[in-house]
Amino acid sequence: MTHAAPPKRDFIRELVAEDVATGRFHRAPATRFPPEPNGYLHIGHAKSILLNFGIAREFDGRCNLRFDDTNPATEDMRYVESIQEDVRWLGFEWDGLFFASDYFEKLYEIAELLVKKGKAYVDSQSEEEIRTNRGTVTTPGVDSPYRNRSVDENLDLLRRMRAGEFPDGAHVLRAKIDMAHPNMIMRDTLLMRIRHFDHYRRGDTWPIYPLYDFAHGLSDAFEGITRSLCTLEFKDNREIYEWLVNEAGFENPPTQIEFARLELDYTVLSKRKLLRLVNEGFVSGWDDPRMPTIAGLRRRGVTPEGLRNFAEAIGVARKPARTELATFEHYVRDDLNMRVPRVMCVVNPLKVVLTNYPEGEGEQLEASYYPHDVPLTGSRPVPFSRELYIEREDFMENPPKKFFRLAPGREVRLRYGYFITCTDVVKDSAGEIEELRCTYDPATRGGDAPDGRKVQGTIHWVSARHALDAELRLYDKLFTVPNPDDLPEGQEFTDVLNPNSLVVVPNAKIEPSVGADPVGSRYQFERTGYFMTDPVDSREGRPVFNRTVTLRDTWAKLKGQPG
RNA sequence: UGCCCCGUCGUCCAAUGGCAGGACAUGCGGCUUUGGACCGCAGAAUCGUGGUUCGAAUCCACGCGGGGCAACCA
């Protein structure tokens, strides 16, 4: 078990602590989580949410949820809803709920202000010309022929842009900075563009829309944010951020700090790519349990606590870094281990007949829901009878050394049941093992031998007559390579999808106790893994279980070793 | 190639001029009615070269390596 670590002090929290100590902002620390509603939140966002909301919580500050909805072409109310649901599910509540689209009026006022100050102008070059004239990383750009329009002309044009007089692309509002600036972002940054496009919240009331650089920092400033946390790729945008909040005249404006986004082995975390997985049918939707989305992880059975512990454990730094999947799985298991009941489910059944157990009879055995080291109590009755199913993997006719399970002539313990000894192997005409004949020792009821004799292995089982049929969905990594974002020439991420990322087991055998449990129940199937009933596809009498994560498997590791 | 950021165990994160530490992973052992969990032990790192300093992972310079920036995306 992982114990609570001392409070994490990353470089961002150090800076915030310093703000508090020096009174730099003359207000309590304020952060914001600023998603664009153009997709579902994913595990990388969880890191950002923990950071932003966590800092607000720890420093007695505030954290807003603000939708950066400045691009009407890609955004949708559906995403706004899913994002709120996901943030709440993670355990956070925002102090203020805002939309950049509510700031269009204020932003427009600042646009006019900049024009009047001679700090912005209307450019009428084509998109192509703008791109060409920006220059390259090694060559300076060239001034637009419209760069020296008079304030009056700029103001007139801007007002007519606002009035909807021009078609898309006819004009654009730009900051007047320096076309030879070494920072590409600062080469007369584009501020507003014309888009005759219905916005999901503002309808057709706005024919012009602010661009990210124009909207983001000023929105932060409107809300009194102190530290604007974003990922590394926005480093160069910091300069225009500061330029704008200063030109707009804010006192004690927010400051941007960049940190490294999460990269996780065997997954992709770009919204563009996740959207393709959904749209092109590689997964069943944004909440497919194989998706690294919050919704996908939730449906898979991951708990908010597990996800939070993971997001906190990986830390925050300025160095781009990939995290191993094992780290994530560790925190998922670590949380589940301490909270979910154990039950028995046989994935790949092999019939066992107890030849010395009376026919037609049966009994109920008491089985604890939790192992000795989990401080929770509770138990359920498990039916026992002459015919059982055990895991096919738990029997070997010619066992190698260190195989502790059932084999001809060998005795093992049935978990919470009896010791059994294999006496016969029954095969079909093709030589496949059809069933096992075993004897049981009536003196070992519950799993202890009065004579003190030990067995090497304990295996799980279900009573054939009483078992429920269940569908199991065994999930594995979505990709076959650790970094699907970095592939050889000519390959793209859809070429390295794992064909076995979902294996459906249509007829697993599970103990009947789970039949009464509500959908969304989580379990550990003993010796197999953690599972949750699928909230969408489970049916009365026909439960569907999603495998959240396997158990650590020392035997699999041993098996994989040569010798 | 111009500007910017970053280089610490296999991986992630600490050490804020003074004994390089934690977590995950790995290996070995213990314990065990889950080959789970837990416990113990072990191996494992400061990109390089100079410099400053009593003392450098930390400061400076130069290399080398990785990443970001040339959407009317965010």
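Residue numbering restarts at 1 for every chain, and letters A, B, ... go by the order of the sequence lines.
Checking Lys454(A) against Thr554(A), the closest nucleotide of RNA chain B that is more toward the 5' end is the one next to Lys454(A). Looking at which nucleotide of RNA chain B each of Glu14(A) and Thr74(A) is closest to, the 5′-most match is held by Glu14(A).
No hydrogens or angles considered: a donor-acceptor pair under 3.5 Å links the side chains of Asn133(A) and Gln125(A). Looking only at atom types and distance, the side chain of Thr550(A) has no donor-acceptor partner in the side chain of Glu329(A) under 3.5 Å away. Ser101(A) and Arg201(A) form a side-chain donor-acceptor contact under 3.5 Å, judged by distance and modelled atom types alone.
Residue contacts shown for Gln524(A) include a base, since a base heavy atom lies under 4.0 Å away. Contacts of Tyr370(A) with the nucleic acid, taken as non-hydrogen atoms under 4.0 Å apart, are absent. The residue Val374(A) sits apart from the nucleic acid: no heavy atom pair falls under 4.0 Å. Counting any heavy atom pair closer than 4.0 Å across all strands shown, Arg342(A) reaches a base atom. Within the 4.0 angstrom heavy-atom criterion, only backbone atoms of the sugar-phosphate kind lie near Arg552(A); the bases stay farther away. Heavy atoms of Lys271(A) sit nowhere under 4.0 angstrom from any nucleic acid atom. At a threshold of 4.0 angstrom between heavy atoms, the contacts of Thr70(A) are confined to the sugar-phosphate backbone, with no base atom among them. Within 4.0 Å of His372(A), counting heavy atoms only, lies at least one base atom of the nucleic acid. Using a 4.0 Å heavy-atom cutoff across all strands shown, Asp448(A) reaches at least one base atom of the nucleic acid.
rC5(B) atom P lies 14 Å from atom CD of Gln256(A), rounded to whole Å. Following rounding to the nearest Å, Tyr369(A) (OH) and rU34(B) (P) show an atom-to-atom distance of 19 Å. Here the P atom of nucleotide rU26(B) and the CG atom of Leu558(A) are 12 Å apart, to the nearest Å. The nearest whole Å value for the distance from the CZ atom in Arg333(A) to the P atom in rA23(B) is 18 Å. In this entry the distance linking CZ of Phe259(A) with P of rC5(B) reads 19 Å, nearest Å. Protein atom CZ of Arg318(A) is 21 Å distant from nucleotide atom P of rA57(B), rounded to whole Å. The separation between Phe531(A) atom CZ and rG36(B) atom C1' is 14 Å, rounded to whole Å. rA74(B) atom P lies 12 Å from atom OH of Tyr209(A), rounded to whole Å.
For an aromatic pair to be called close, the ring centres must be under 6.0 Å apart, and Tyr418(A) with Phe384(A) satisfies this. For Phe310(A) and Phe328(A), the distance between ring centers is under 6.0 angstrom. Ring pair Phe531(A)/Tyr523(A): centre-to-centre distance not below 6.0 Å. Ring to ring, Tyr212(A) and Phe234(A) are close: their centroids are under 6.0 angstrom apart. Aromatic pair Tyr79(A)/Phe67(A): ring centres not closer than 6.0 Å.
A donor N or O paired with an acceptor N or O is found under 3.5 Å between the base of rG35(B) and the side-chain atoms of Arg405(A). Taking only distance into account, the side chain of Glu526(A) never meets the base of rG36(B) through a donor-acceptor pair shorter than 3.5 Å.
Here, rA20(B) and rU58(B) have their P atoms 14 Å apart, quoted to the whole Å. Of the C1' atoms belonging to rG21(B) and rA44(B), the separation is 13 Å, rounded to the nearest Å. The gap from the C1' atom of rU1(B) to that of rC59(B) amounts to 30 Å, rounded to the nearest Å. Comparing rA42(B) with rC47(B), their P atoms sit 25 Å apart, to the nearest whole Å. Taking atom C1' on both rC28(B) and rG43(B), the two are 10 Å apart, rounded to the nearest angstrom. Nucleotides rC64(B) and rC72(B) are separated by 33 Å at their P atoms, to the nearest Å. For the P atoms, the distance linking rG22(B) with rC39(B) amounts to 15 Å, nearest Å. As rounded to the nearest Å, rA56(B) and rA71(B) have C1' atoms that lie 45 Å from one another.
Using a 30° and 60° split on the angle between ring planes, His199(A) and Phe104(A) fall in the perpendicular class, above 60°.
Contact annotation: Thr528(A) does not reach the phosphate of rU34(B) (side-chain N/O to OP1 or OP2, under 4.0 Å). For rU34(B), the OP1/OP2 oxygens have no side-chain nitrogen or oxygen of His460(A) closer than 4.0 Å. Under 4.0 angstrom from either OP1 or OP2 of rU8(B) there lies at least one side-chain N or O belonging to Lys319(A). One finds no side-chain N or O of Lys557(A) lying less than 4.0 angstrom from the OP1 or OP2 phosphate oxygen of rG35(B).
With rC24(B), rG36(B), rG35(B) as the candidates, the nucleotide lying closest to the side chain of Asn337(A) is rG36(B). Proximity note for Trp555(A) (side chain, C-beta onward) versus rU26(B), rG35(B), rA74(B): the nearest is rG35(B).
We find that Asp441(A) and Arg453(A) are joined by a salt bridge, their nearest charged nitrogen and carboxylate oxygen being less than 4.0 Å apart. The residues Arg32(A) and Glu223(A) are annotated as not salt-bridged, no charged nitrogen and carboxylate oxygen being separated by less than 4.0 angstrom.
Annotated as anti: rA15(B), whose glycosidic dihedral deviates from 0 by more than 90°.
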**Message:** Across nucleotides 67-72 of chain B, 5' to 3', mark each nucleotide with B, S or - according to how protein heavy atoms within less than 4.0 Å reach it.
**Reply:** -BBBSB

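For the pair Arg527(A) and Trp555(A), the cation does not sit on the ring face, since its NZ or CZ is not both under 6.0 Å from the ring centre and inside 45° of the axis.
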**Prompt:** Dot-bracket, RNA chain B: Watson-Crick or G-U, under 3.5 angstrom, [ ] crossing, | other strand?
**Reply:** .((((((..((((....[..)))).(((((.......)))))....(((((..]....))))))))))).....

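Side-chain atoms of Ser219(A) and Arg66(A), non-hydrogen and from C-beta on, do get closer than 4.5 Å to each other.
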